Amino acid sequence: MRIVLATRNKKKVPEMRTILADAGIEAEVLSLDAFPDAPEVPETEPTFLGNALLKARAVAEHTGLPAVADDSGLKVDELRGMPGVLSARWAGRFGARDQDRANLELVLDQLADTPSERRGAHFVCAAALVMPDGTEAVVEGVLRGRLIREPRGSNGFGYDPVFVPEGESRTTAELSPEEKNAISHRGVAFRKLAQELVEIL
Ligand code: IMP
């Protein structure tokens with residue numbers, strides 16, 4: 001069986017392959033690099049689930065293969081759930097090389113006067129599966145934690161250097177990729193989606 005992961009991020013492919021194998025599904029996981037003509041789908045929906053579905057539908061239609069897409073971001077309690085679906089472009093320089101750092105620094109500035117007991121936040125990942133026959137499944141994974149004041153660690157990406165998961169003292173940028181996948185919003189969502197696929201098959 002072949003599955004397309006609607007991403008050009010190479011790190012997500014082996015993660016998905018491992019999760020499917022653990023669920024007993026032997027699948028070749030392809031990324032969009034295998035489909036250079038696949039449409040670029042703008043993330044125009046107001047929710048993670050909506051954006052994940054948009055991408056999975058477009059890629060399933062283009063490739064004729066089962067397609068998986070995810071959309072994720074950080075929701076900060078003190079910012080009423082923002083940056084949310086705007087996480088990737090929060091500081092407004094979308095696509096710039098230092099975008100991740102600018103986003104993280106803007107959130108830290110916005111929380112400069114927020115005491116530690118009000119610095120709760122969570123990562124959310126929505127994942128969607130669209131089969132060639134039109135069958136769809138959507139799931140969500142969440143990782144709760146809090147934001148610290150100074151970045152720490154060099155693994156991961158995005159807001160990882162300032163995010164400490166509940167029950168941890170290290171940031172997600174100080175965890176190994178395996179440690180992070182075991183608890184992360186994306187790991188949780190992909191494992192739920194693998195179970196959905198088992199049921200569909
Ligand atoms: P996307 O789902 O790849 O579009 O990611 C959206 C944005 O959310 C990223 O650019 C990051 O800013 C943020 N984000 C999503 N997941 C994570 C994570 O695991 N760690 C840190 N930042 C994340």
Side-chain angles (χ1 to χ4, degrees), residues 5-19 22 31 43 47-49 51-52 55 68-127 139-194:
L5 196 50
T7 183
R8 298 193 190 277
N9 177 341
K10 288 194 175 59
K11 284 189 195 163
K12 289 184 183 174
V13 171
E15 189 188 345
M16 190 69 196
R17 193 177 295 131
T18 306
I19 288 171
D22 288 348
S31 80
E43 299 181 352
T47 63
F48 296 115
L49 277 177
N51 284 323
K55 289 188 274 185
V68 169
D70 72 318
D71 192 36
S72 59
L74 178 72
K75 297 183 96 170
V76 178
D77 298 350
E78 187 74 357
L79 301 179
R80 312 286 184 272
M82 291 186 282
V85 293
L86 302 177
S87 292
R89 61 191 67 191
W90 191 234
R93 279 185 277 158
F94 194 54
R97 210 145 39 95
D98 59 353
Q99 176 74 46
D100 274 4
R101 184 48 64 139
N103 290 338
L104 171 163
E105 283 174 359
L106 180 54
V107 169
L108 286 187
D109 284 350
Q110 289 163 331
L111 298 190
D113 297 329
T114 304
S116 40
E117 66 274 16
R118 296 212 317 264
R119 298 178 71 91
H122 58 283
F123 282 124
V124 181
C125 175
V139 296
E140 220 167 55
V142 169
L143 177 62
R144 270 223 59 94
R146 64 191 167 81
L147 298 173
I148 56 169
R149 291 178 183 277
E150 293 290 335
R152 284 194 335 236
S154 53
N155 296 332
F157 66 102
Y159 301 89
D160 281 331
V162 290
F163 184 87
V164 174
E166 253 173 21
E168 258 294 336
S169 53
R170 293 171 296 173
T171 67
T172 36
E174 292 175 306
L175 301 179
S176 68
E178 293 74 24
E179 287 175 312
K180 184 180 165 192
N181 290 344
I183 58 168
S184 80
H185 47 308
R186 192 167 299 101
V188 170
F190 279 179
R191 283 189 289 277
K192 283 188 188 170
L193 207 61

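Along the sequence shown, residues are numbered consecutively beginning with 1. These figures come from a predicted structure and were not determined experimentally.
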For [X], what residues pass the side chain to side chain donor-acceptor pair (under 3.5 Å) criterion, not counting sequence neighbours?
X      : result
Ser184 : none
Asn51  : Asp71
Arg118 : Glu78

Answer yes or no: is there a side-chain heavy-atom contact under 4.5 Å between Pro151 and Leu108? yes
Hey, does the side chain of Asp160 reach the backbone of Phe157 with a donor-acceptor pair shorter than 3.5 angstrom? yes
Side-chain donor/acceptor of Asp70 to backbone N/O of Ala127, under 3.5 Å: no
Inspect the contact between Glu43 and Lys55 and indicate whether a charged nitrogen and a carboxylate oxygen are less than 4.0 angstrom apart. yes
Value rounded to 0.5 Å, distance of SG in Cys125 from CZ in Phe190: 5.5 Å
First locate atom CD of Glu178, then atom CD of Glu15, and finally report the distance between them rounded to the nearest 0.5 Å. 10.0 Å
Side chains of residues 162-169: which donor-acceptor pairs under 3.5 Å do they make with residues two or more places apart or in other chains?
residue: Glu168; atom: OE1; partner: Arg170; partner atom: N; Å: 3.1
residue: Glu168; atom: OE1; partner: Arg170; partner atom: NE; Å: 3.3
residue: Glu168; atom: OE2; partner: Arg170; partner atom: NH2; Å: 3.2

Could you give all pairs that pass the side chain to side chain donor-acceptor pair (under 3.5 Å) test and reach residues 146-159, with sequence neighbours left out? Arg152-Glu174
According to side chain to side chain donor-acceptor pair (under 3.5 Å), does anything in residues 106-115 pair up with another residue at least two apart or in another chain? List the pairs. Trp90-Gln110
